[in-house]
Structure formats: structure tokens, C-alpha cells
Amino acid sequence: MTDPSAQTQTAVIIEDDAAVRSLLDEVFRSAGFRTVMAETGTDGVEAVIAHQPTITTLDINLPGIDGFEVARRIRKVSSTYIIMLSALAEESDIVLGLASGADDYLAKPFRPRELRARIEALMRRPRAELTVPDAVAAAVVPARNPTVSVDLPDLEGAAVWRLHRDLSLNLETHTVLVAQKEVDLTPTEFGLLATLLESKRRVRSKADLALVLRGEAFASSYFVGEPDKRVIEAHMANLRRKIGDNTADPRYIETVRGVGYRLTPQVDGR
């Protein structure tokens, strides 16, 4: 884990509009970040690889490759938090953006104070590193490979692991295993799954999950709007797809209609 107070944080801004780029630069600098600018998707991916930023902002309509593809490429090489900023505000665009690997989605024109609040919320989350636990690494298994089976360590005796049926989550390394196969999740998807595993059969509402991800779990006055709830729905859909869950016959996460989400009952042999 990176201690945010230990060093100056870096933000990569991938934006082809000079005026928006300047505004983003001002917002991040006021938040104490060092900024790196990129005007194209290709340059943006290279900047992320070179600087490994804490946060990356990403426009969708970019010269060359679009923002969705940029997000997919970034997600293969970095655990940076991705905020998509776009004039495309339809639900389908938001869902596609989050499915591509974004952690948050903000429609243009955006309000600088809201962006600053979202940046601060992301900074309150633990940041994942692209590593695997020592016991798993000893098996010479490449990190972030969802197709490779591994021999699990003694999970029951390790406090950093959370288990549900054949799903295992490591809080320190941000590793998730399903039936002994590693699954690649975004930091936000990992946070949602970790919260549900901690809560077990207690139902977590969409508003509750939005607050947890923003680091505002105990701020009852914090407003959660419908766009925030739709973002949670999209993240949950992506999470379920990646862990191989089925909403019609859920193995890991069930929907409590009109309320929220919780783990399925712990049943041996299923």
C-alpha cells in the first residue's frame, strides 16, 4: 500500500481539449498533485506506464483510440484510479466506461468542486498494487492471470483473507481467487466485494455502498443521488460477470429487491 502522505501524488490527465486540460490541471494542483498531460489515448497509456499515477482522468472522445480502449489498456498495466470525464452521459455510456475499467464517471461540463470531492474520496480508499501473496508467488504464478490455477495457502489461518464458498479475497495484496483461479478486478470492484464479504448476510444498500466507496460510511448527511446508485449497479454487474455469478441463480452475491445486495447463504458442497 502507498501512504498518500509519504510523497507527492501524481495524476495523469488524458484530454484533447486544452481548456478542459487546463482546468483539470488547476484542480489537481490545488489538491497537491503533480500532473502529467497527454492529448491522445496512446500518449496517455504511455504516460501511465511511465509515471504510475495515483489517479488518471480520461476523456472518451480522443484522437486515435477512444477512452474505452484506453481504459482497458491502462487496466492491464496499472492500478491507478480512473475517472472518466465525458459529455456522453447516457446510462449505456456510463456502464461501458465502468466495464472498461473506470472507477468513477463524471459528465461534462463538470463542477470543479465536485471533481475535487471525488478525487478526495478516491484517495481515502486503499490503493491496490499489482502483486500476489508470497505463498502464491512461490508457486511461480504470474500476477493478474485469470486463467491460471494456483495452490492456495492456508487461508483459514490468515487474517488478511476473506472467504465465501470457493471465493477468496486478500485484503493486503488485493488478490481475488475463484475456484483457485485469479480474477482481475478494478480497485472499485475489489472494494465492493470486500465490503460485501465483511458484511456477510447483512444487506448493503446502493447508497450505503456508494458511501463506503467514497470513504463516507459514517457521514449520514452525505447525499447519494440516482447517478451514484446507477454507478454502483454498473460496478456490481461487472463484478458479478468477472466472478462468474448469475443473477438468476446467484452463487456469491444476491440482490434483495428494493433494498440492496448481500452474500448468498454459506452452503457446503455448492
Side-chain angles (χ1 to χ4, degrees), residues 4 7-125 127 186-188 210 213-216 222-228 230-231 234-235:
Q7 59 186 12
T8 300
Q9 304 295 307
T10 299
V12 167
I13 297 168
I14 309 174
E15 172 62 59
D16 63 332
D17 186 307
V20 176
R21 201 164 57 243
S22 177
L23 177 58
L24 290 170
D25 179 53
E26 182 179 339
V27 171
F28 274 104
R29 286 183 180 277
S30 70
F33 282 76
R34 179 179 72 92
T35 58
V36 178
M37 310 289 191
E39 297 182 28
T40 69
T42 301
D43 289 344
V45 174
E46 293 177 354
V48 168
I49 293 173
H51 299 278
Q52 288 299 310
T54 304
I55 299 179
T56 298
T57 64
L58 176 59
D59 188 19
I60 292 178
N61 293 321
L62 293 167
I65 57 177
D66 65 26
F68 299 123
E69 178 59 25
V70 173
R72 284 188 284 267
R73 295 187 186 186
I74 288 174
R75 205 36 91 209
K76 293 179 180 178
V77 297
S78 175
S79 60
T80 180
Y81 291 119
I82 299 175
I83 303 177
M84 276 196 167
L85 300 167
S86 176
L88 302 176
E90 295 295 326
E91 183 174 359
S92 59
D93 299 314
I94 297 173
V95 171
L96 182 56
L98 298 175
S100 300
D103 295 285
D104 205 348
Y105 194 107
L106 192 58
K108 293 179 180 178
F110 60 87
R111 293 169 293 187
R113 289 180 63 184
E114 181 181 0
L115 175 60
R116 174 70 180 266
R118 290 176 183 263
I119 291 169
E120 291 173 352
L122 287 174
M123 294 299 293
R124 286 192 290 270
R125 300 188 204 172
R127 185 184 176 200
T186 67
T188 298
L213 292 181
R214 290 183 182 278
E216 303 282 353
Y222 188 88
F223 176 73
V224 177
E226 288 305 314
D228 294 303
R230 291 202 303 272
V231 167
H235 280 307

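All values below were derived from every heavy atom in this structure, side-chain atoms included, with hydrogens, water molecules and symmetry-related copies excluded.
Just one residue in the list L58, V48, D43 forms a side chain to side chain contact (heavy atoms under 4.5 Å, CB included) with V12, and that residue is V48. For the side chain to side chain contact (heavy atoms under 4.5 Å, CB included) criterion with T56, the lone passing option out of I83, V36, T80, I13 is T80.
Atom NZ of residue K108 and atom CG of residue L23 lie 10.0 Å apart, to the nearest 0.5 angstrom. From D104, atom CG reaches atom NE2 of H235 across 6.5 Å, with rounding to the nearest 0.5 Å. Within the model, atoms OH of Y81 and CD1 of I119 stand 13.5 Å from one another, a figure rounded to the nearest 0.5 Å. Taking CG of N61 as the start and CD of E15 as the end, the distance is 9.5 Å to the nearest 0.5 Å. The line from CZ of F28 to CZ of R116 is 10.5 Å long, rounded to the nearest 0.5 Å. To the nearest 0.5 Å, atoms CD1 (I65) and OG1 (T40) are separated by 7.5 Å.
Two residues are said to be in side-chain contact when any heavy atoms from C-beta on lie closer than 4.5 Å; L96 and Y105 fail this criterion. For the pair R72 and K76, the minimum side-chain heavy-atom distance is 4.5 Å or more. You'll find the side chain of I74 reaches within 4.5 Å of the side chain of I14, heavy atoms only. The closest side-chain heavy-atom distance from L24 to L85 is below 4.5 Å. With a 4.5 Å cut-off on side-chain heavy atoms, F33 and M123 count as touching. When side chains are defined from C-beta on, I55 does not count as touching Q9, because their heavy atoms never get closer than 4.5 Å. Between R75 and P187 there is a side-chain heavy-atom pair separated by less than 4.5 Å.
Between the side chain of D16 and the backbone N or O of L62 there is no donor-acceptor pair closer than 3.5 Å. Side-chain atoms of S22 never come within 3.5 Å of backbone atoms of A18 as a donor-acceptor pair (strictly under, hydrogens ignored). D103 places a side-chain N or O within 3.5 Å of a backbone atom of I82 that can act as its donor or acceptor partner.
Taking 4.0 Å as the cut-off between side-chain N and carboxylate O, R29 and E26 do not count as a salt-bridged pair.
The two residues M37 and T35 make their nearest non-hydrogen contact at CE-OG1, 4.0 Å.
For R230, there are no side chain to side chain donor-acceptor pair (under 3.5 Å) partners, not counting sequence neighbours.
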